[in-house]
Amino acid sequence: MARKYWLIKTEPSVFSIDDFKKLPNEITAWEGVRNYQARNFMREMKKGDLLLIYHSNADNTGIAGIGELVKEAYPDHFSWDKKSQYFDPGSTIEKPRWDMVDIKFVKKLKRVIELSHLKEIVSLKDMLILRKGNRLSVTPVSEVEFDIISKLA
DNA sequence: GCCAACGTTGGC
DNA sequence: GCCAACGTTGGC
């Protein structure tokens, strides 16, 4: 099975590429996804898949770095933790509704590839992130798209 | 701060 | 099952 590529959004004021890099083992759980479509994409992720890390709601909105999937989808325990902001009364230990994955830091791009720049590239026009009104926090990226972005970086 | 786009909820 | 109301996301 060939490696797949994904784009995941994060608000840098909450968790940025720099925060990621600073983690002692450079691995973090990607919890808190509460959208079924995004969850289903997460369930398709396989170990070794590469992830574009996108800064949303930022001064410098765009792709900021790359990560790699190290642990495939498993139940998001925050969903049954009443004290968590991600608590969902519809999710239980017996019947978890939400999943999370673990990802490892790969690299921080020298410069953020800005959204305005991505929009100018014709061959990236089908990227879900560029679609007006797109709010999915996890979206698939094609190999071609990933390669183009890698070359820009 | 504004607002368009979208997902979810809940009354019927 | 429909759909209006509401809340959230996220670019600008």
Side-chain angles (χ1 to χ4, degrees), chain A residues 4-23 28-45 49-69 72-142 144-153:
Chain A
K4 286 188 183 165
Y5 305 91
W6 309 91
L7 182 145
I8 55 176
K9 286 185 198 170
T10 180
E11 296 198 23
S13 60
V14 179
F15 184 82
S16 71
I17 192 74
D18 288 323
D19 297 328
F20 198 0
K21 194 177 181 178
K22 267 185 260 170
L23 296 176
T28 185
W30 206 258
E31 79 280 5
V33 171
R34 294 293 177 268
N35 170 286
Y36 287 105
Q37 228 184 322
R39 180 202 66 183
N40 294 341
F41 283 138
M42 279 208 306
R43 288 181 173 173
E44 288 179 35
M45 290 181 180
D49 284 2
L50 292 178
L51 307 136
L52 298 171
I53 295 161
Y54 178 91
H55 280 176
S56 65
N57 256 324
D59 292 337
N60 208 2
T61 296
I63 295 166
I66 294 176
E68 179 182 344
L69 196 98
E72 293 170 13
Y74 59 102
D76 182 342
H77 59 82
F78 292 96
S79 70
W80 59 69
D81 176 0
K82 280 204 178 76
K83 282 174 293 207
S84 169
Q85 59 171 318
Y86 300 125
F87 175 68
D88 175 0
S91 181
T92 61
I93 298 173
E94 296 75 26
K95 279 192 116 179
R97 176 179 287 176
W98 304 111
D99 279 1
M100 57 190 192
V101 295
D102 286 356
I103 65 174
K104 184 170 176 37
F105 175 85
V106 173
K107 70 170 170 182
K108 177 186 173 179
L109 303 189
K110 288 196 184 71
R111 260 183 299 164
V112 170
I113 304 175
E114 291 180 52
L115 179 59
S116 57
H117 187 184
L118 294 171
K119 281 180 179 168
E120 287 169 3
I121 302 168
V122 177
S123 44
L124 295 181
K125 68 174 167 38
D126 291 330
M127 281 186 77
L128 290 174
I129 189 75
L130 301 180
R131 263 188 25 199
K132 194 177 179 187
N134 170 61
R135 289 163 42 184
L136 275 181
S137 58
V138 179
T139 50
V141 172
S142 75
V144 171
E145 289 161 351
F146 188 88
D147 286 346
I148 291 168
I149 290 163
S150 300
K151 280 180 189 128
L152 290 176

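Protein chains get the first letters and strands the later ones, always in sequence-line order, with residue 1 at the start of each. Since this is a predicted model, take the numbers as computed values, not measurements.
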Assign the ring pair A:Trp6 / A:Phe41 to parallel, tilted or perpendicular, where the plane angle (0 to 90°) is split at 30° and 60°.
->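 Ring orientation, 0 to 90° scale: tilted.
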A:Asp19 and A:Ser16 side chains, donor-acceptor separation under 3.5 Å |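 Yes, A:Asp19 and A:Ser16 have a side-chain donor paired with an acceptor closer than 3.5 Å.
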Does A:Thr61 use its side chain to pair, donor to acceptor, with the backbone of A:Leu115 at less than 3.5 Å?
->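 Side chain of A:Thr61 to backbone of A:Leu115: no pair is present.
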Do the two ring centres, one from A:Tyr74 and one from A:Trp98, sit under 6.0 Å apart?
->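 No, ring centres 6.0 Å or more apart.
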Check ion pair A:Asp88-A:Arg97 (N to O, under 4.0 angstrom) |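 Result for this pair is yes, salt bridge flagged.
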Using a heavy-atom cut-off of 4.0 Å to chain A, what are the terminal contacting nucleotides of DNA chain B, in 5' to 3' order?
->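 Here the contact window of chain A covers B:dA5 to B:dT8.
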